[in-house]
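Before any comments, here is the structure.
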Amino acid sequence: MKYGIIEQGYVRRDADPFERVRQLVTEAQQADKYGFTSFAVSEQHFKFPTNSTGALDVILPWVAATTDLRMLPSAAILSLHHPLAIAERWATIDVLSEGRLDFAVGRGNTPKTASAFQIPHAETNARTMESLDIIFRAWSGEEFSYKGDFWEFEDIRVHPIPAQRPHPRVSLAAVSPGSAALAGKHQLGYLGGMHWLRWAQVHDRVNAYNEAWETGTPFEYAQPLHHISLQVPTHVAKTDKLAREQVEFGIVEYANRAMKQDILNHQLTYGTDSGMDTTGEFYDNFDGLLDLTSMIVGSPQLAIDKLLRVHEEYDIDEIIFHLDYAKHDELLECIRLLGEEVLPVVEKETARNPRPARTLATSTVASVS
């Protein structure tokens, strides 16, 4: 099992929004110090003052330059950008980091963002898939032409190509069972969130991904990848009471907003509520989130207990702790507690009864000297 950290650069009402961007890099350095594998930020637009990670392709290279962590955009919103520009930027980042990019993409989760970029929300899924097809072709290093529903060009070759060959790991960020199945259909990795989902709902998404993957087909220039990463909302402090005091307001605010967004996204994309399993049971309901979902907010012992259950429930490859809402020094302490007091115990316990290893597709790193 690998362990990473994701942040959205949440800006508290008592924080400096300019300093918050710099603090993300310091928090990544703390993650590196305490043995985490990766650091992720998500592409968030127009949510100021609560988020500060719109330019994730600027923030992550700073992380790469100052740590040995793998970088994870979680996720790059392909529908908002030209796919050739995405291919060039992230290939360059992979080269500069000497092959430490784990690439993840998504359709975007706010109609406001799509509207501001003048992208019809109903087109975001199709645009994302077409962009991925183009990116994989561009990363092959071959000259190619393309004519799709949204993009058309002739005789293009992208340089540089990624250091990892044939390409970095590529996952699709997916919220619903349908989008998890879409990741499996194209034999991409699956990057899922557990934020306001009961344990059984997470099983639904993992099962949808696995079932679709078995009969799926990768993009023409893509290497098939079976890889499951799950994001767990997390904050650890010395006591349960202290952890709750530090982040409860932010978690409730985020969950309320995100659940409403999920329902609206589904309605705008499919024109119906049918097939949607997001409900209002966790609106303004921190206790429900803590008791009925995988959310980790509490002492090191609570974190250990929750993580052991995650290991028992799901056959996955990576747990990514979603940290936000607390003050900078509290986030640094959370990372320390996870690295020093929580994960060593979890790893010792899970080593006694390991799951059988799955064979995964891997990429090699080309020389960048």
*State which residues pass salt bridge (Lys or Arg N to Asp or Glu O under 4.0 Å) with Glu248; sequence neighbours excluded, sorted by chain then number.*
Arg244
*Determine the minimum heavy-atom distance between Arg12 and Gln246, stating which atoms define it.*
NH1-O, 3.8 Å
_Using a 4.5 Å cut-off between side-chain heavy atoms of Ile, Leu, Val, Met, Phe, Trp and Tyr, which other residues end up in the same hydrophobic cluster as Ile156?_
Leu84, Ile134, Phe144, Tyr146, Phe150, Trp151, Phe153, Val158
*Parallel, tilted or perpendicular, as decided by the 30° and 60° cut-offs, for the rings of His195 and Tyr254*: tilted
*What class does the angle between the rings of Tyr314 and Trp199 fall in, given that below 30° is parallel, 30 to 60° is tilted and above 60° is perpendicular?*
parallel
*asked:* Can you confirm whether Leu69 sits close enough to Thr37 that some side-chain heavy atom of one is under 4.5 Å from a side-chain heavy atom of the other?
replied: no
_Going by the rule side chain to side chain contact (heavy atoms under 4.5 Å, CB included), which residues pair with Pro160 if we only count those two or more places apart in sequence or in a different chain?_
Thr92, Val95
*Of all residues at least two apart in sequence or in a different chain, which pass the ring pair (Phe, Tyr, Trp, His ring centres under 6.0 Å) check with His311?*
none
*Taking only residues two or more places apart in sequence or in another chain, which ones pass salt bridge (Lys or Arg N to Asp or Glu O under 4.0 Å) with Glu313?*
Arg309
*State which residues pass side chain to side chain contact (heavy atoms under 4.5 Å, CB included) with Ala91; sequence neighbours excluded, sorted by chain then number.*
Trp139, Pro162
_Among residues at least two apart in sequence or on other chains, which ones pass side chain to side chain contact (heavy atoms under 4.5 Å, CB included) with Ser171?_
Ala104, Arg169, Leu191
_Non-neighbouring partners of Thr293 that pass side chain to side chain contact (heavy atoms under 4.5 Å, CB included), sequence neighbours left out_ = Phe282, Leu289, Met295
*Residues which pass ring pair (Phe, Tyr, Trp, His ring centres under 6.0 Å) with Tyr3, listed by chain and number, not counting sequence neighbours*: none
*Roughly how far apart are His167 NE2 and Ile161 CD1, rounded to 0.5 Å?*
11.5 Å
*side chain to side chain donor-acceptor pair (under 3.5 Å) with Ser38: which residues, sequence neighbours excluded?*
Glu318
*Angle class for the His226/Tyr209 ring planes (parallel below 30°, perpendicular above 60°, tilted otherwise)?*
tilted
*Which of these, Glu220, Glu143, Glu142, sits in a salt bridge (charged side-chain N to carboxylate O under 4.0 Å, His left out) with Arg137?*
Glu220
*asked:* My understanding is that only residues two or more places apart in sequence, or in another chain, count here; which of them pass ring pair (Phe, Tyr, Trp, His ring centres under 6.0 Å) with Phe286?
replied: none
*asked:* Using the side chain to side chain donor-acceptor pair (under 3.5 Å) criterion, which residues pair with Arg336? Sequence neighbours excluded.
replied: Glu333, Glu340
